[in-house]
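In what follows, a structure is listed as structure tokens, so that the remarks can point back to it.
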Amino acid sequence: GEPSLTSAFLWINPSETFVKLERDTQGQAGGPAHAWWTSESGVLDAAVLVGPAPAEVSSQFHTLTGSAPMPPLWALGKHQCRWNYMTEKDTLSVDANYDKYDLPYDVIWLDIEHTDGKAYFTWNPASFPTPEKMVDAISAKRRMFVNVVDPHIKKDDKFHVYKEIRDQGLFIKKVDWKMMDDPTDAKPADWEQPEKIDDPAAVKPEVWNDEEDGKWEVPKIANPAHKGEWKGKQITDPNSPVTDFEGWCWPGTSGYPDFTDPRMREYWGSQFALDKYKGTTKDLYVWNDMNEPSVFNGPEVTCPRDAIHPNGNVEHRDVHNMYGYYVHRATFEGLEKRVPGDRPFVLTRSFFIGSHKYAAIWTGDNFAKWEHLQTSIAMVGALTLAGQSLVGADVGGFFKHPESEMCVRWYQLGVLAYPFLRNHAHLETPRREPYMYDESTMMMVKATLQLRYKMLPLWYTAFHEYHALGKPVVRPLFWDFLADAQTHSDEQAVENQIMLSDVVLVHGISKPLSESTSTTIYLPSTAGWYDLYTGAFSAPGRYDVPVTMQTIPAFYRAGTVVPLKSRIRRSSACMAMDPHTLNVYVNPKTGEASGRLYLDDTRTKKYQDGKSFLDVEFEFKGGVLRASSARGDAPSEVSPEVERVEIFGLSASPSKATLAVDQAGSKHELSVISRQVPSGPGGTATYAAVVKVKPWIDLSKGTDWALTVQ
């Protein structure tokens, strides 16, 4: 048939919008498709992204809307959150237990209970009396902190944020509409018509005697020309009383700032300054929740559509879907000013086109249900296709409590499929930190977290491709394998699988073993696939494979060189100076592979100067691994070195390895350990080799090295 093509339609309207998709051949796959788009208000503002390939559609989207900045590396690590850690002691005990059980994580979060009566930018003085000391204790472990700061403002005359926003007139308003006569509506000149007129058909009776019967009067009938009593047209009084809109949220009665106003955004951002937001440090970042905005007693549990934004005097219905965007943008810009040169981190629940430039996103309050685990795969993929790559679902679900098996499966999926990896939990659920489960469960979760940290160099490199080229960090299979029709029609490929960059394919397991001990996977048409855990080679195709609790199906694409780190420590920052491992997955048809590693200081904006980074491309060809290109200057804050190379898919067991380096007096000791790897589904047995190098290969020296395996 004809080759598959890709295009996109971008509808840019922040009011309530309905979309209908329909095929001519309803109930059948394929056939012409139609889409209907309608919004409640606003103007027609749309763009057609013509493609014709997925990479070109993604690039066109970011050309139109802007590129995402590089996230700090720590944002790609493990985030530990719940509603709520209730005291400083509670918070620090969670941190200590992660260390006790040697579980890596990067960020601990505080929800609304840390505040003084739900007044944001404050701390509960009884539960968090020395917050800066607590945050410094986390920082000393080279970890980060996140506080929730929601956009509903507690109504309290003693709360400075409320008073200052109110006094500047920056809250959303409500109007108590009164009616008045329309002064332009004049009574027509012919309006005066009597209600009754003489009956023209009436005739004085012949027998009528005026002396005896009195004077005869003509009977009256209704006047057909009578228009009734004149009443002028009523209009809304433009001088109707206006007050601040108040709604009910976590603090009780709350005001809602007009974030469409640049003055409000400037004020909001200024509140994150270290001398204003007391108890915070440069290592504390922000979570904007409830920013739809949430109004518990409002119609549709949000701001009334006819509430007025003073900036422009527009109704809320016209800007609703952009409200959250303006909130997290203001937070991001405030954090930028707080510590110039730092990379801000903001998490948002509500977002709009362009949010990728300012915030991470999560999929909202999910449940500890198997179907929610499965659904998260398509949800994350849909968000990344829409230009938002720093996204994820709450691991384990927010509501209810995941039993051990579900907990393990969710982590196994999340570490490979969620760019933003956080677990969160409702206030009324049992504690679910990994160490709260039985030892067997904890050890399986630990193994998945260690895998995430091992793969951080790949994740970070993928985010640079997203930053520079607009490529989604994770994406549905069709994005990379459009010519393979199964990737956009096979249920397993579409609903249960997702790619990490063009390197890793992962298949989520969303059923307990009591229901199924096997699953069906689809490996797209390419040179082949290597099992992520064993290195076993599989040919493309559809296979039924057994499932164990230790892993879920995951594969490296043949023909890739994958940057990893083998030394796992308590946080990503603690691994900064550790050397890298390069895994080579040989294309069996060509004997070749290629890949990339991107490095910068992981936390500042120095990478934007065009030189404060190291970007290395690798190629493996004819049994030789080398850097085919290297750009930039390696930052001193991270290691540019390689201590280990693992090669998979060799046709014979290698006996030795040599390293040629164009540096005078450079001598290296190499050791080689090889093994045979059994075949995977539809594949063949191959050999793998581990080459250890001392001293390590220094990638900052450019392309003057070559590692040969014989």
Side-chain angles (χ1 to χ4, degrees), residues 54-55 58 73 76 377 380-381 384-385 389 412-419 421 448 451-482 484 487 493 497-508 521-540 551-566 580-590 592-599 615-620 625 627-628 642 645-649 680 688:
S58 295
L73 178 63
L76 309 184
I377 300 172
V380 167
T384 64
L385 286 180
S389 266
Q412 288 172 340
L413 173 67
V415 299
L416 295 171
Y418 296 174
L421 181 68
T448 67
L451 177 62
R452 174 67 166 222
Y453 280 78
K454 178 180 180 179
M455 296 177 69
L456 281 179
L458 172 61
W459 279 101
Y460 200 64
T461 300
F463 263 95
H464 185 259
E465 292 187 343
Y466 169 58
H467 158 72
L469 303 173
K471 294 183 177 181
V473 172
V474 298
R475 56 253 197 167
L477 271 60
F478 81 83
W479 201 95
D480 290 287
F481 304 100
L482 189 64
D484 184 343
T487 64
Q497 298 181 179
I498 199 166
M499 292 290 298
L500 163 55
S501 184
D502 62 350
V503 176
V504 177
L505 182 152
V506 58
H507 178 105
I521 62 172
Y522 180 74
L523 301 179
S525 297
T526 186
W529 300 88
Y530 290 88
D531 188 285
L532 186 140
Y533 308 97
T534 67
F537 178 78
S538 295
T551 62
I552 61 175
F555 303 86
Y556 287 113
R557 184 174 61 84
T560 56
V561 177
V562 184
L564 305 166
K565 284 203 172 185
S566 298
H580 293 81
T581 292
L582 298 178
N583 277 20
V584 179
Y585 295 93
V586 177
N587 180 327
K589 298 178 181 178
T590 64
E592 299 176 3
S594 62
R596 185 166 168 261
L597 171 64
Y598 173 81
L599 299 171
D615 190 355
V616 183
E617 293 184 352
F618 304 101
E619 68 172 9
F620 181 81
L625 175 67
S628 57
V642 175
V645 175
E646 297 190 29
I647 306 172
F648 296 85

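With respect to Leu625, the side-chain contact (heavy atoms from CB on, under 4.5 Å) criterion is satisfied by exactly one of Val642, Ile647, Leu582: Leu582. Of the residues Phe555, Phe620, Tyr585, the one that meets the ring pair (Phe, Tyr, Trp, His ring centres under 6.0 Å) test with Phe648 is Tyr585. Under the side-chain contact (heavy atoms from CB on, under 4.5 Å) test applied with Arg557, the options Thr526, Val504, Leu523, Leu505 reduce to a single match, Thr526.
Put simply, the side chain of Phe463 reaches to within 4.5 Å of the side chain of Pro419, judged on heavy atoms. Considering only heavy atoms from C-beta on, Leu500 stays 4.5 Å or farther from Val506 through its side chain. Between Thr560 and Ser501 the shortest side-chain heavy-atom distance does not fall below 4.5 Å. Contact annotation: the side chain of Lys565 never approaches that of Lys454 to less than 4.5 Å [non-hydrogen atoms, C-beta and beyond]. In this structure, Leu451 and Tyr533 have side chains that are in contact, with non-hydrogen atoms separated by less than 4.5 Å. With contacts defined as side-chain heavy-atom distances shorter than 4.5 Å, the pair Val503/Met455 does not qualify. Side-chain contact check for Pro524 versus Phe478: every heavy-atom pair is 4.5 Å or farther apart. Annotation: side chain of Leu73 is not in contact with side chain of Trp459 (no heavy-atom distance under 4.5 Å).
Across all their heavy atoms, Ala462 and Val473 have their closest contact at O-CG2, 3.9 Å. Scanning all heavy atoms of the two residues, the minimum distance from Val380 to Ala417 falls at CG1-O, 3.8 Å. Residues Pro563 and Pro457 share a closest heavy-atom pair of O-CB, 3.6 Å.
Ring orientation note: the planes of His464 and His467 are tilted relative to one another, at an angle of 30° to 60°.
Rounding to the nearest 0.5 Å gives a distance of 10.0 Å between NE2 of His507 and CG of Leu413. Leu76 contributes atom CG, which lies 9.5 Å from atom OH of Tyr453 (distance to the nearest 0.5 angstrom). From Leu477, atom CG reaches atom CG of Leu482 across 11.5 Å, with rounding to the nearest 0.5 Å. A distance of 11.5 Å separates CD1 in Ile552 from CD1 in Ile521, rounded to the nearest 0.5 Å. The CZ atom of Arg452 sits 8.5 Å away from the CG atom of Leu416 when rounded to the nearest 0.5 Å.
Thr461 contributes a side-chain N or O that, together with a main-chain N or O of Tyr598, makes up a donor-acceptor pair within less than 3.5 Å.
Under the side chain to side chain contact (heavy atoms under 4.5 Å, CB included) criterion, Pro540 pairs with no residue at all, not counting sequence neighbours. Scored by the side chain to side chain donor-acceptor pair (under 3.5 Å) test, Thr581 finds Ser566 as partners (sequence neighbours excluded). For Ala527, the side chain to side chain contact (heavy atoms under 4.5 Å, CB included) test picks out Ala558, Asn587, Pro588, with sequence neighbours left out. Partners of Glu646 according to the side chain to side chain donor-acceptor pair (under 3.5 Å) rule, which considers only residues two or more places apart in sequence or in another chain, are Arg644. By the side chain to side chain contact (heavy atoms under 4.5 Å, CB included) test, Thr448 is found to be paired with Tyr411, Gln412, Val415, Val445, residues two or more places apart in sequence or in another chain being considered.
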(message) Met499 vs Thr487, test: side-chain contact (heavy atoms from CB on, under 4.5 Å). Steps then yes/no.
(response) CA-CA 11 Å; Met499 292 290 298; Thr487 64; over 6 Å; no

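Checked by atom type, the side-chain pair Ser58/Trp479 shows a donor-acceptor distance below 3.5 Å.
Taking the centre of each ring, Tyr556 and Tyr530 stay at or above the 6.0 Å mark.
Sorted by first and then second residue, the salt bridge (Lys or Arg N to Asp or Glu O under 4.0 Å) pairs with a member in residues 456-481 read Glu465-Arg596, Arg475-Asp480; sequence neighbours excluded.
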